[in-house]
Amino acid sequence: MSGSADREIADMRAERADVMIVGAGLAGLRAACDLVSNGLSVIVIEARDRVGGRVFSHRFDDGQWCERGAEFIDSTHTEVLELAVGLSLGLTPVPSQRDDSARLVDVGGRTNPLAWFPSVVAERDAWHAALAEHAVSVNPDAPVESPAARRLDARSAGALLAGMGLSAMARLVIGRDLRTEFMVPPDEISLLHAAWMTRRAADAGDGREAFRVNGGNDQLATGLAERLADSPGARLWLGSVVAAIDAVEGLVTLNDGRQVHGGAVVLAVPPPVAGRIQITPPLPVAATAISMGVGAKVSVQSSRRAWRDEGFDGSVVSDRAYGQLWETTDGQAGDRGVLTALLSSRDGAALGVLPDLDDRIRREIRRIFPATTGLLGESITTDWTNDPWSLGCYAAFAPGELTASWDVLQRPHGRIHLAGEHTDGFAGFMEGALRSGRRAAAAILSA
């Protein structure tokens with residue numbers, strides 16, 4: 001039988017849709033809703049048994065919640081804020097992590113308020129000022145178009161830090177802050193990426209990391225999915241793994257042999273996951289060879305916020321592998337509270353796979369806040385590094401990667417349109433995911 005006849009039979013058996021969307025995170029769901037509202041039919045294909053991707057919330061038995069993935073919303077995240085309003089979701093303010101006298105530094109097994117080290121605070125401010133000098137010239141929506149883009153992208157944030165002659169304590173605090181922000185070591189962070197995110201933070205001002213969605217951020221995703229469920233033009237396939245995409249024929253093949261035939265494809269999965277899909281013709285290497293932050297989160301509920309009894313807000317930065325602690329229920333009512341350990345970067349990712357991880361984190365919390373002894377209860381652990389449908393936390397562009405990949409990420413590749421936080425000017429944020437989904441849908445509608 002000829003190849004053309006084989007394709008014809010396959011086409012007859014394939015499901016059909018105007019647009020096939022791979023990935024039911026915020027990017028894929030946003031694109032799907034926009035396309036359906038403009039009269040197109042879509043099939044959203046998701047490998048997990050849930051929607052939301054790396055936006056994933058946990059509800060404790062008493063009604064408190066924490067974020068297993070994406071957590072903070074800036075006041076400049078207009079797409080997120082607009083969606084929350086449209087879904088009638090409230091926002092919980094985030095008041096913590098602002099006061100150095102309430103934030104602890106855990107070094108060499110000793111824990112003290114950061115404010116006790118005024119020279120370190122001054123050095124940290126100098127670091128922020130040095131980054132800000134580079135950030136001023138960065139175009140936040142198109143960072144590679146900045147005048148010094150190639151020069152900054154060729155250098156690492158670690159190189160800038162190393163050249164400032166800071167004290168060991170300051171390097172620890174700043175280095176851990178960088179690992180928390182990007183989930184990789186300073187030497188693996190493009191200085192252009194660091195300056196870009198510094199520009200975003202400056203634009204947000206006091207509105208940086210200002211909110212969480214009341215009841216859990218993943219309601220943004222489930223809300224979009226509910227909109228799709230009410231539309232006759234949309235179908236959502238959960239637990240469905242894409243094996244191949246033929247961008248010439250417009251055919252998506254799943255691991256179980258099912259096929260979907262359509263006019264366009266929105267590929268809304270993280271770069272390393274996209275790299276595992278057989279795509280014809282292949283995407284440019286730069287579209288999938290993008291570094292991802294690594295690490296995990298462990299959240300532990302306490303029956304009382306004992307850290308507040310001592311005048312602290314739960315924020316701790318450490319030289320140990322658990323990395324950083326903060327309270328993730330600081331805007332929630334009640335006596336109970338949740339501390340989250342962000343196991344960031346290489347040391348955190350290594351700690352995250354140990355079988356006794358939960359016990360280790362509990363011991364660290366009791367060591368730092370002895371009054372929590374006997375109070376720690378339910379906990380939840382999420383390892384994004386080894387999650388097969390994420391393979392990392394979010395985009396962390398290494399030196400050279402931003403200038404190599406940006407144009408590739410912005411444009412379509414035949415029938416394929418790329419989406420996801422890594423493709424947007426708000427990389428690493430829920431805002432970037434939503435914006436990218438809108439952009440992909442708009443490109444398809446205007447074609």
Would you mind checking if [Y] and [X] are paired as a salt bridge, meaning a charged N to carboxylate O distance below 4.0 Å?
{"X": "Asp335", "Y": "Arg308", "value": "no"}
{"X": "Arg411", "Y": "Asp407", "value": "no"}
{"X": "Asp383", "Y": "Arg68", "value": "no"}

With the side chain counted from C-beta on, respond yes when [X] and [Y] share a heavy-atom pair under 4.5 Å apart, and no when they do not.
{"X": "Phe182", "Y": "Cys393", "answer": "no"}
{"X": "Leu114", "Y": "Leu104", "answer": "no"}
{"X": "Ser41", "Y": "Val19", "answer": "no"}
{"X": "His417", "Y": "Arg439", "answer": "no"}
{"X": "Val298", "Y": "Leu339", "answer": "no"}
{"X": "Val22", "Y": "Val266", "answer": "no"}
{"X": "Asp330", "Y": "Thr328", "answer": "no"}
{"X": "Leu342", "Y": "Met183", "answer": "yes"}

Do the side chain of [X] and the main chain of [Y] share a donor and acceptor less than 3.5 angstrom apart?
{"X": "Glu378", "Y": "Ser302", "result": "no"}
{"X": "His193", "Y": "Phe397", "result": "yes"}
{"X": "Glu188", "Y": "Pro185", "result": "no"}
{"X": "Ser345", "Y": "Asp347", "result": "no"}
{"X": "Glu421", "Y": "Gly428", "result": "yes"}
{"X": "Ser390", "Y": "Asp387", "result": "no"}
{"X": "Thr180", "Y": "Leu178", "result": "no"}
{"X": "Asp100", "Y": "Ala115", "result": "no"}
{"X": "Arg179", "Y": "Pro186", "result": "no"}
{"X": "Ser156", "Y": "Ala159", "result": "yes"}

Six-ring centre of Phe426, Arg200 cation under 6.0 angstrom, axis tolerance 45°
yes
Identify whether NZ of Lys or CZ of Arg in Arg50 sits under 6.0 Å from the centre of the six-membered ring of Phe56 and within 45° of that ring's axis.
yes
Option passing salt bridge (charged side-chain N to carboxylate O under 4.0 Å, His left out) with Glu327 (candidates Arg305, Arg103, Arg212):
Arg305
Can you establish whether the number of heavy atoms outside Arg258 located under 6.0 Å from its atom CZ is more than 12?
yes
Is Asp256 atom CG crowded by more than 12 heavy atoms from other residues, nucleotides or ligands, each under 6.0 Å away?
yes
Closest heavy-atom pair and its distance - [X], [Y]:
{"X": "Val55", "Y": "Ala70", "value": "CG2-CB, 4.0 Å"}
{"X": "Ala47", "Y": "Val241", "value": "CB-CG2, 4.0 Å"}
{"X": "Ser436", "Y": "Gly420", "value": "OG-N, 2.8 Å"}
{"X": "Val138", "Y": "Trp196", "value": "CG1-CA, 3.9 Å"}
{"X": "Val120", "Y": "Ala170", "value": "CG1-CA, 4.0 Å"}
{"X": "Val269", "Y": "Gly23", "value": "CG1-CA, 4.0 Å"}

Determine whether Arg435 and Asp141 satisfy the following criterion, salt bridge (charged side-chain N to carboxylate O under 4.0 Å, His left out), listing intermediate values before the conclusion.
CA-CA 11 Å; Arg435 283 173 30 129; Asp141 289 318; 3.1 Å; yes
Assess, by modelled atom type and distance only, whether the side chains of [X] and [Y] contain a donor and an acceptor separated by less than 3.5 Å.
{"X": "Ser190", "Y": "Asp153", "result": "yes"}
{"X": "Asp106", "Y": "Ser318", "result": "yes"}
{"X": "His58", "Y": "Gln64", "result": "no"}
{"X": "Asn217", "Y": "Ser57", "result": "no"}
{"X": "Glu46", "Y": "Trp237", "result": "no"}
{"X": "Trp406", "Y": "Glu401", "result": "no"}
{"X": "Arg54", "Y": "Thr382", "result": "no"}

Output, in order, the C-alpha distance, side-chain angles, deciding distance and verdict of side-chain contact (heavy atoms from CB on, under 4.5 Å) for Leu228 and Cys33.
CA-CA 6 Å; Leu228 290 177; Cys33 286; 3.8 Å; yes
List the steps, then state whether side-chain contact (heavy atoms from CB on, under 4.5 Å) holds for Leu83 with Leu224.
CA-CA 9 Å; Leu83 179 58; Leu224 288 172; 3.7 Å; yes
Could you give the distance from NE2 (His413) to CD1 (Ile279), rounded to the nearest 0.5 Å?
9.5 Å
Going from CD1 on Ile21 to CG on Leu35, what distance comes out if it is rounded to the nearest 0.5 angstrom?
5.5 Å
What do the steps show when you test Lys297 against Glu71 for salt bridge (charged side-chain N to carboxylate O under 4.0 Å, His left out), and what is the final call?
CA-CA 11 Å; Lys297 268 186 170 182; Glu71 185 162 348; 2.7 Å; yes
Show your working on side-chain contact (heavy atoms from CB on, under 4.5 Å) between Asn214 and Trp65 and close with a plain yes or no.
CA-CA 9 Å; Asn214 187 22; Trp65 69 93; 2.8 Å; yes
How far apart are the C-alpha atoms of Asp218 and Arg59, what are their side-chain angles, what is the distance that settles it, and do they pass the salt bridge (charged side-chain N to carboxylate O under 4.0 Å, His left out) test?
CA-CA 11 Å; Asp218 62 5; Arg59 281 89 187 173; 2.7 Å; yes
Listing request: all side chain to side chain donor-acceptor pair (under 3.5 Å) pairs with a residue in residues 224-236, at least two apart in sequence or in separate chains.
Glu15-Arg235
Would Ser146 and Asn139 count as a side chain to side chain donor-acceptor pair (under 3.5 Å) here? Give the steps.
CA-CA 6 Å; Ser146 307; Asn139 179 344; over 6 Å; no
Assess whether salt bridge (charged side-chain N to carboxylate O under 4.0 Å, His left out) is satisfied between Arg208 and Asp74, documenting all intermediate values.
CA-CA 5 Å; Arg208 182 173 183 267; Asp74 290 2; 5.2 Å; no
Residue among Asp246, Val252, Leu251 satisfying side chain to side chain contact (heavy atoms under 4.5 Å, CB included) with His261:
Leu251
His422 and Tyr394: aromatic ring centres closer than 6.0 Å?
no
Could you walk me through whether Ser344 and Arg176 pass the side-chain contact (heavy atoms from CB on, under 4.5 Å) check?
CA-CA 8 Å; Ser344 60; Arg176 184 55 73 184; 3.4 Å; yes
